[in-house]
Trainee: 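The structure is given below, and queries will be raised subsequently.
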Amino acid sequence: MSPSPDGTAGAPTGGPTRYDPQAIEARWQQVWHDEGTYQVDNDDPRPPFYVLSMYPYPSGPAHMGHVRNYTMGDLLVRYRTMRGDGVLSPIGFDSFGLPAENAAIKTGTHPRVHTDRNVEALSASLRRIGAVYDWRRVVKSHDASYIRWTQWIFLKFYEAGLVYRDNAPVNWCPGCQTVLANEQVLGDGTCERSGDLVERRDMEQWFYRITAYAQELLDDLDHVDWPEKVKVMQRHWIGRSEGAQFGLPVADADGNARTDVEPLAVYTTRPDTSFGMTFAVISPEHPRVDELTTDDRRADVEAFRASVAGRSDIERQSTEGTLDKRGVATGGRVVNPFTGQAIPVFLADYVLMTYGTGAIMAVPGQDQRDWDFAVAHGCDIVRTVQPPDDFDGEAYVGEGPAINSAFLDGMGVAEAKATAIAWLEEHGHGTGKVNYRLRDWLLSRQRYWGCPIPIVYCDDCGEQPVPVDQLPIEPPDDVEFMPTGRSPLTTHEGFLSATCPSCDGPARRETDTMDTFVDSSWYFLRFADPTNDELPFSADAAQRWLPVDQYIGGVEHAILHLMYARFFTKALADVGVAPKGLREPFQRLFTQGMIRLGGSKMSKSKGNLVAPEAILDDQGADALRLAHLQVKPPQEDVDWEDFGIDGCAKFLNRVWRLAVPGSDLAAGARTGDPTEADAEVDRATHRLVARITDEYDRWSYNTAIAGFMEFTNTLYRYVQADDGPHATTLDAAVDALLLVMAPAAPHLCADLWEARSGGHVHTEPWPTADPDKLVDDTVTMVVQVNGKVRDRLEVPADVDEATATALALACDKVVAALDGGEPRKVIARPPKLVNVVV
RNA sequence: GCUCGAGUGGUGGAAUUGGUAGACACGUUGGACUUAAAAUCCAAUGAGCAGUAAUGUUCGUGCGGGUUCAAGUCCCGCCUCGAGUACCA
């Protein structure tokens, strides 16, 4: 598919030069870089517009997923620049992380060396696909200048009470030798990175208090222009529920409520069904298990707790297994405050200590799981909502009037809830309560290649934040990587030993580092002010550029990165670092689909990567970019097998032969008065501009590429028609094509534009369409009989309804269908359609 | 189970408010150019039926109903595939 060695053999009679992607692409990449075409200063007079593609983990040269992502971002950067905006287009590298450390263990190469090498390789790839950035603003997570501010922000949050240390049951990945955040554990209980089965361990860990923002994180989703899918996922993850929390007094041997011990707190979303509570269930990890267990049941309870402790999370969460085996009676009883009845307390593994109060009221009449449990353990079942007459199921969870519920009887669910909560509050049993599924963000990792947590431990003063003037705390370079996978920080004396900032006595340093999602939670703010050495960024710079006008990335970050970055932005604003009014980091989000090969996601770990190099060497960057844009709507996943690189390369050749100065295709061009054919090409040119503008604006890149091709086909027919082209009409048409294609195929368009007109196509203003030229004088009107197309007529574009009707009724087909009779009805939608009903 | 999203020619897809279904591309076929091939250019290409042909005609957007003059598009009920989530009380 590469041009034939003798170059011009392919053109009808040959152009003065041939389309040589290698030569022009390298040259223009150099021009954009040397001239700083896409550098933008913070006092740029143009309207600010911030385009950001998620910064990549530097895993080596770009793969196809990168190409797709950064091509789309680049198209937008170039398009908005031509529209007259001062576009901030930064790039950086998410350069901390486990792969570099694993490589060090395997090959002995230091993660810093490995990472720097990969950053270089990836930077070079990005340049080679023609993506343009303000390279002065590069940010790398592992740079000392970035670590410093990541740690500074940690301390700022520490001061504000948004960071804390706690002993908690955590997710431990044996493969990664570190703990993971809840968000990094997949639904099947495996690590999202290594695929290993995640274990439960109790460890001292650091947390960001993201739950303090649960409600705001939920509410502000309404104010961002994001794909609904992503918003739904976040809402689900935050998991707000409204209900009531109240106490169940512990019962004595006679079943009376004791007043000398704390009632057992339960949380429910269905306080309206409380009269149907016939037992309670608590988590095996609940601190009051011992207290509630009677002596005769203690052996069974202990055995049950031991069996649960030995089970993995997946086993425990599976719905397999009979419920009687998954729960055990404690022998203890509590009192249902609504009925005054004593009810038994069970232990069951499905009650999680980490949600609500770790204890639930069980209402078998309205909850299927409670129903199953009640049947297995012989508990009473009382319906408190009247099911419809035709209901033949077990638990009824639908709407209906309350029954068997004293003062709630007859009320609907919503009213009964409110009344039950009011009753609880009035009698001091409890209150209405909102709960969230979202947990605090576990940020510590037992790894070397990450941002160290700036804390020291002093025997006398305890946990102490590192003074900010000692930042950054960098991971030391003189370390050995052990095949055990244990972080070398834990054995590095030079790193470990520190001085207590409070008493100047000896202290030891925290050896955990931060989750790399911490780094990516504020990098977009650093881009606004990347060299600031007083602050992570100035509020003014953030005010100018943030929120990001268009953020672009993979949907795989829908929960993790995007939730964390939102939290950081809000918290940074609240601690006075970011502008007060900056509540969201990314105003608009576009999530592009991933690339599959052989049915599975293309990824390094699957070993099914297609390297772009061979294509760049052969058909060139513009052809590869076009193929990515054309193959499918950008938000959808795509199979590599469906890419049409050759077709795109062929198309670029067609454009080249048409547009290159001295092209034989334009050789016989006429001058003088334009003909109707010329006027039609002129109108097509204006329609192209209008169409592409609209399609770029709504991310319909695949149809935009089709638009280029369609228009090019039109021009080929035009230049090869008997009359030949009109010189100025053709020039205007080709110029317009080069302008609208410039964001998509930048090298080719830049080269042709320079050859034709001089100057840089990418600094030209975006063309505008003349509205008067968007419609033809005549249009094709469809004539239908009973909704079926029977004829097509050329009519004036401004034909009125009466004329259109008359023309339609005069058609042979219509006359035949009417067979002398009158139409029952005529629907006229001039000038597009007339439908005759007979 | 729940929540989203998607099902259109041989293939990827197009059709923004209901108004010519299949743009554009790939593939295939034919023609031009060539000693030949490649490349290039031009043309045809949803399926069926009738016709030498121009053409005519029927069917056709996962399945079954419905609304409408008119449905890929709206409504109801299903099926299949994909994604997310999963005992969250």
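Below, chains carry the letters A, B, ... as their sequence lines are ordered, and counting in each starts from 1. What you see is a predicted model, and the numbers here were worked out from it, not measured in a lab.
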Trainee: Are A:R691 and B:A23 close enough that a side-chain N or O sits under 4.0 Å from OP1 or OP2?
Mentor: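 Result: no.
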
Trainee: Looking only at side-chain atoms of A:Y267, point me to the closest of B:U85, B:A89, B:C26.
Mentor: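 The closest nucleotide is B:A89.
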
Trainee: Which comes earlier along RNA chain B counting from the 5' end, the contact point of A:V638 or that of A:N786, where each point is its nearest nucleotide?
Mentor: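 Here A:V638 is the residue nearer the 5' end.
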
Trainee: Under 4.0 Å between a side-chain N/O of A:K788 and OP1 or OP2 of B:C69, yes or no?
Mentor: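 For B:C69, neither OP1 nor OP2 has a side-chain N or O of A:K788 closer than 4.0 Å.
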
Trainee: On RNA chain B, check which nucleotide each of A:R698 and A:Y436 is closest to and give me the residue with the more 5' one.
Mentor: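 That would be A:R698.
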
Trainee: Look at A:R657 and B:C41 and indicate whether a side-chain polar atom (N or O) is within less than 4.0 Å of OP1 or OP2.
Mentor: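 Result: yes.
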
Trainee: OP1 or OP2 of B:C4 versus the side-chain N and O atoms of A:K229: is any pair under 4.0 Å?
Mentor: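 No, no such contact exists.
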
Trainee: Apply the syn/anti split at 90° from 0 to B:G9 and say which one it is.
Mentor: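 Classified syn.
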
Trainee: For a side chain to side chain contact (heavy atoms under 4.5 Å, CB included) with A:I282, tell me which candidate from A:I360, A:L264, A:V334, A:T357 qualifies.
Mentor: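 Among A:I360, A:L264, A:V334, A:T357, the one meeting side chain to side chain contact (heavy atoms under 4.5 Å, CB included) with A:I282 is A:L264.
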
Trainee: Less than 4.0 angstrom between a side-chain N/O of A:R829 and OP1 or OP2 of B:U20, yes or no?
Mentor: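 Answer is no, no contact under 4.0 Å.
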
Trainee: So, A:D642 and A:R596, do they make that salt bridge, N to O below 4.0 Å?
Mentor: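 A salt bridge is absent here (no side-chain N lies under 4.0 Å from a carboxylate O).
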
Trainee: So, A:D694 and A:R698, do they make that salt bridge, N to O below 4.0 Å?
Mentor: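 Yes.
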
Trainee: Please determine whether a side-chain nitrogen or oxygen atom of A:R369 lies at a distance below 4.0 Å from atom OP1 or OP2 of B:C88.
Mentor: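 True: A:R369 side-chain N/O within range (under 4.0 Å) of B:C88 OP1/OP2.
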
Trainee: So what does A:R654 hit on the nucleic acid, given a heavy-atom distance under 4.0 Å: a base, only sugar-phosphate, or nothing?
Mentor: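 A:R654: backbone/sugar contact only, no base atoms under 4.0 Å.
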
Trainee: Paired with B:G82: which nucleotide, if any, by Watson-Crick or G-U wobble criteria at under 3.5 Å for both distances?
Mentor: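 Pairing partner, where one exists within any strand: B:C4.
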
Trainee: Between B:U29 and B:G22, how far apart are the two P atoms, rounded to whole Å?
Mentor: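 Those two atoms are separated by 25 Å.
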
Trainee: Given B:U20, B:A89, B:A14, identify the nucleotide with an atom nearest to the side chain of A:R792.
Mentor: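 Per side-chain heavy atoms of A:R792, the pick is B:U20.
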
Trainee: Rounded off to whole Å, could you give me the CG-to-P distance for the A:L626 and B:C24 pair?
Mentor: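 Going from A:L626 (CG) to B:C24 (P), I get 16 Å.
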
Trainee: Should we count NZ of A:K231 as having more than 12 external heavy atoms under 6.0 Å?
Mentor: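 Above 12, so yes.
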
Trainee: Using atom P of each nucleotide, how far apart are B:G56 and B:A21 to the nearest Å?
Mentor: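 B:G56 and B:A21 have their P atoms separated by 15 Å.
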
Trainee: Check the phosphate of B:A23 against A:N702, side-chain N and O only, distance under 4.0 Å to OP1 or OP2. Yes or no?
Mentor: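 No, outside the criterion.
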
Trainee: Using only modelled atom types and a 3.5 angstrom limit, is any donor from either the side chain of A:D642 or the base of B:U11 paired with an acceptor on the other?
Mentor: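 Answer no: no donor N or O sits under 3.5 Å from an acceptor.
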
Trainee: Base, sugar-phosphate, or nothing: which does A:D370 touch, judged by heavy atoms less than 4.0 Å apart?
Mentor: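 A:D370: no heavy atom of the nucleic acid under 4.0 Å.
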
Trainee: Distance check: side-chain N/O of A:K832 vs OP1/OP2 of B:A70, anything under 4.0 Å?
Mentor: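 Indeed not, no polar side-chain atom of A:K832 lies that close.
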
Trainee: In the strands shown, is B:U73 matched to any nucleotide by a Watson-Crick or G-U wobble pair with both distances under 3.5 Å, and which?
Mentor: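 Checking every strand shown, B:U73 finds no partner, since no pair has both distances under 3.5 Å.
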
Trainee: Within 45° of the axis and under 6.0 Å from the centre of the six-membered ring of A:Y355, does NZ or CZ of A:R437 qualify?
Mentor: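 The answer is no; the distance or angle limit is not met.
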
Trainee: Please work out if A:E228 contacts a base, only the sugar-phosphate, or nothing of the nucleic acid, heavy-atom cut-off 4.0 Å.
Mentor: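 Contact class for A:E228: none.
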
Trainee: Identify which one of A:V834, A:N835, A:V838 satisfies the side chain to side chain contact (heavy atoms under 4.5 Å, CB included) criterion when paired with A:V826.
Mentor: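 With A:V826 as partner, side chain to side chain contact (heavy atoms under 4.5 Å, CB included) holds for just one option, A:V834.
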
Trainee: For A:Y716, report the nucleic acid contact type (base, sugar-phosphate, nothing); a contact means any heavy atom under 4.0 Å.
Mentor: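 Sugar-phosphate, backbone atoms only, no base.
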
Trainee: With rounding to whole Å, what would you report as the distance between B:C88 and B:A83 at their P atoms?
Mentor: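 Taking atom P in both B:C88 and B:A83, they lie 23 Å apart.
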
Trainee: With a 3.5 angstrom cut-off on both distances, give the Watson-Crick or G-U wobble partner of B:A47, or none if there isn't one.
Mentor: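 With both distances under 3.5 Å, B:A47 matches B:U58.
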
Trainee: Taking atom P in both B:U3 and B:G9, compute the distance separating them and give it to the nearest angstrom.
Mentor: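 That atom pair is separated by 29 Å.
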
Trainee: Nearest of B:C41, B:G19, B:A14 to any side-chain atom of A:N835?
Mentor: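 Looking only at side-chain atoms, A:N835 lies closest to B:G19.
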
Trainee: Under a 3.5 Å cut-off for both distances, is B:G18 Watson-Crick or wobble paired, and to whom?
Mentor: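 WC or wobble partner does not exist here.
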
Trainee: Where the side chain of A:R439 is concerned, which of B:G19, B:C88, B:A23 is the nearest nucleotide?
Mentor: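 Nearest to the side chain of A:R439 among the choices is B:C88.
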
